[in-house]
Amino acid sequence: VRWRHPQRGIVPPAEFIPIAEETDLILEIGEWVLREACREAGSWDKSLHVAVNVSAIQFRRGDLQHLVQTVLQESGIAPAQLELEITEGLLIENVERTAAMLNALKKLGVRIALDDFGTGYSSLSYLQSFPLDRVKIDRSFVASLCRADRSLAIVRAVIGLAHGLGLPVLAEGVETNEQLRTLLRE
């Protein structure tokens, strides 16, 4: 999602999403994004998936399960075509409530991805305690992948850990052939 501002041009989400979360506008924005993403995905080949980031505010204050169920029915896409991306910060807020919500979403057939893994609290227990379908390596590790041995070590460890748990891994922000080759090799 990008905000097309008449004077400022394209405003990236890193600039406007925190403000939207502070003002609770994220509830309306998040619902619109989910509806539009699923509506668009409804015109795609059924083998393709759509991933949508979910804010912690949506998780806490909205009826996310009902919204997702309604949007899936309206759009006609299969639940397995939708992947909701959550961040680590969400997992520490109210573990029992979060686990219950994630399990309810999983019962709908929706997939859950842990976004930006390794940049927040990174408790390995999250990978065991929550019903996740994918782990996403943050772009900050990918950006320095071919310049820093530590980034490679972290990426290698996350890939090994996720695969050991039977979870697929997605790397964000791959921009060079060298990054792609390194990731494919790992």
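When a residue number appears, it is its place in the shown sequence, counting from 1.
- Between E21 and A56 the shortest heavy-atom distance is OE2-N, 4.5 Å.
- The two residues P131 and K106 come nearest to each other via the heavy atoms O-CD, 3.5 Å.
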Would you mind writing out the side-chain donor-acceptor pairs for residues 159-168 within the sub-3.5 Å range, not counting sequence neighbours?
none

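- Between the side chain of R185 and the backbone N or O of L180, no donor-acceptor pair lies under 3.5 Å.
- Checked by atom type and distance alone, the side chain of R134 never pairs as donor or acceptor with a backbone atom of R111 at under 3.5 Å.
- With hydrogens and angles disregarded, a donor-acceptor distance shorter than 3.5 Å links the side chain of D133 to the backbone of I112.
- Contacts of H5 classified as ring pair (Phe, Tyr, Trp, His ring centres under 6.0 Å), with partners at least two apart in sequence or in another chain: W3.
- More than 12 non-hydrogen atoms from other residues, nucleotides or ligands lie less than 6.0 angstrom from NZ of K46.
- Listed for the Q179 side chain is a donor-acceptor partner under 3.5 Å among the backbone atoms of E175.
- At distances below 3.5 Å, at least one donor-acceptor pair connects side-chain atoms of Q58 with backbone N or O atoms of S55.
- In this structure, Q81 contributes its side chain and A78 its backbone to a donor-acceptor pair below 3.5 Å.
- By the side-chain hydrogen bond (donor to acceptor under 3.5 Å, both in side chains) test, R181 is found to be paired with no residue, residues two or more places apart in sequence or in another chain being considered.
- A donor-acceptor pair under 3.5 Å is absent between the side-chain atoms of R8 and the main chain of R4, judged by distance alone.
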